[in-house]
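Numbering of ligands and ligand atoms starts at 1, following listing order.
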Amino acid sequence: PRDCQELFEEGERQSGLFQIQPQGSPPFLVNCNMTSDGGWTVIQRRQDGSVDFNQPWAAYKDGFGDPQGEFWLGLEKVHRIMGDRGSRLSVQLQDWEGNAQSLQFPVHLGGEDTAYSLQLTEPVASKLGATTITPSGLSLPFSTWDQDHDLRHDKNCAKSLSGGWWFGTCSHSNLNGQYFHSIPRQRQQRKKGIFWKTWRGRYYPLQATTMLIQPT
Ligand code: MYR
């Protein structure tokens, strides 16, 4: 199968680790979340701070972490799974008071030649609170501390925050930020955390996050 959705269509109903093989790619293992609306491939998970997400470009490209715990699947694998098809992304967020939020929207990810640019169409980009939109939507490359493609000329978002992400102006979101078990006193520390501005705000370090994809 080329992704978790195909496994689901073959009748698999149990979530867990499966081997998949997208077109033109070597096989690899992924976490599948089988739900009532089909099979989702998990591309990121944060839950306890056990894995260091402040990693260089090569690690974000290839993936890192523990498939049973916290991990980043890897940009190349995500790009291969999506291929030329349309995909939807599900972002699941949890705070420290037992609240959860889930967002779903269509996305596309370019290849390494585009620095794995995230493509969002309108009106999705505006609804998500993106600030750097053109009439055709948003196209935003991925950045790490050693490969800065963000939109700030005066700083390197990945360096002044933490982790690798689709940074525009350093303030929208960063689900690959530093994991904090309690809210740091200092703003300088706090801004490095895991955040999603339009939910709990810029300076609230989230408790858990999961990112999943499914073909549309
Ligand atoms: C800005 O305007 O500063 C940037 C807005 C960026 C929105 C980022 C949304 C991130 C969603 C993660 C995409 C995962 C694709 C596989």
Side-chain angles (χ1 to χ4, degrees), residues 3-5 22 25 30-31 33 40-46 53 57 60-65 71-93 101-112 114-144 148-158 160-177 191 193-203 206 208-216:
D3 62 12
C4 297
Q5 175 61 22
S25 159
V30 291
N31 262 286
N33 236 198
W40 292 82
T41 306
V42 187
I43 66 171
Q44 190 256 25
R45 188 157 61 212
R46 307 295 299 274
F53 273 66
W57 185 265
Y60 272 96
K61 176 183 174 179
D62 296 338
F64 57 85
F71 67 90
W72 175 254
L73 181 61
L75 293 162
E76 189 58 33
K77 295 189 184 88
V78 175
H79 170 64
R80 294 299 181 101
I81 292 170
M82 287 186 179
D84 305 322
R85 306 176 287 172
S87 297
R88 75 173 68 90
L89 177 76
S90 170
V91 176
Q92 301 176 356
L93 311 169
Q101 165 85 52
S102 159
L103 304 158
Q104 268 188 34
F105 49 91
V107 284
H108 191 73
L109 197 65
E112 193 173 19
T114 73
Y116 299 107
S117 281
L118 168 70
Q119 250 101 256
L120 298 177
T121 52
E122 280 290 65
V124 176
S126 310
K127 269 191 83 179
L128 280 173
T131 50
T132 42
I133 317 163
T134 65
S136 53
L138 169 128
S139 176
L140 191 62
F142 196 84
S143 289
T144 52
D148 177 15
H149 303 289
D150 63 47
L151 307 174
R152 292 282 294 252
H153 298 297
D154 58 330
K155 69 163 113 182
N156 175 326
C157 298
S160 59
L161 277 58
S162 178
W165 193 245
W166 296 272
F167 291 114
T169 55
C170 305
S171 66
H172 177 277
S173 53
N174 181 14
L175 301 187
N176 291 333
K191 71 176 196 189
I194 302 172
F195 71 95
W196 191 274
K197 189 179 175 181
T198 52
W199 187 44
R200 294 300 322 251
R202 170 68 186 86
Y203 291 99
L206 297 170
T209 73
T210 312
M211 295 168 66
L212 315 95
I213 54 168
Q214 186 185 50
T216 48

*Asks:* At less than 4.0 angstrom from any non-hydrogen atom of Thr132, what atoms of ligand 1 do you find?
*Replies:* 1 (C), 2 (O)
*Asks:* Test of understanding: given a 4.0 Å heavy-atom threshold, classify the contact between Leu118 and ligand 1 as side chain, backbone, both, or neither.
*Replies:* side chain
*Asks:* Without hydrogens or angle criteria, can the side chains of Ser87 and Gln214 be said to hold a donor-acceptor pair below 3.5 Å?
*Replies:* no
*Asks:* For atom 1 (C) of ligand 1, which of the options Thr131, Leu151, Asn174, Leu128 provides the nearest non-hydrogen atom?
*Replies:* Thr131
*Asks:* Report yes if the distance between the aromatic ring centroids of Phe64 and Phe53 is under 6.0 Å, otherwise no.
*Replies:* yes
*Asks:* If you count heavy atoms of other groups shown closer than 6.0 angstrom to CG of Asp154, is the number above 12?
*Replies:* yes
*Asks:* Do Trp165 and Ser173 pair up side chain to side chain, a donor and an acceptor below 3.5 Å, judged on atom types alone?
*Replies:* yes
*Asks:* Hey, which atoms in ligand 1 end up nearer than 4.0 Å to a heavy atom of Leu140?
*Replies:* 4 (C), 6 (C)
*Asks:* Under 4.0 Å from a heavy atom of Thr169: give me the atoms of ligand 1 that qualify, with their elements.
*Replies:* 3 (O)
*Asks:* Would you mind listing which atoms of ligand 1 come within a distance below 4.0 Å of any non-hydrogen atom of Leu89?
*Replies:* 12 (C), 13 (C), 14 (C)
*Asks:* Go through it in stages, so that I can follow the logic: the residues are Trp72 and Gln44, the test is side-chain hydrogen bond (donor to acceptor under 3.5 Å, both in side chains), and I'd like the CA-CA distance, side-chain angles, deciding distance and then a yes or no.
*Replies:* CA-CA 5 Å; Trp72 175 254; Gln44 190 256 25; over 6 Å; no
*Asks:* Suppose I only count heavy atoms of Ala130 and a 4.0 Å limit; which atoms of ligand 1 are within that range?
*Replies:* 2 (O), 5 (C)
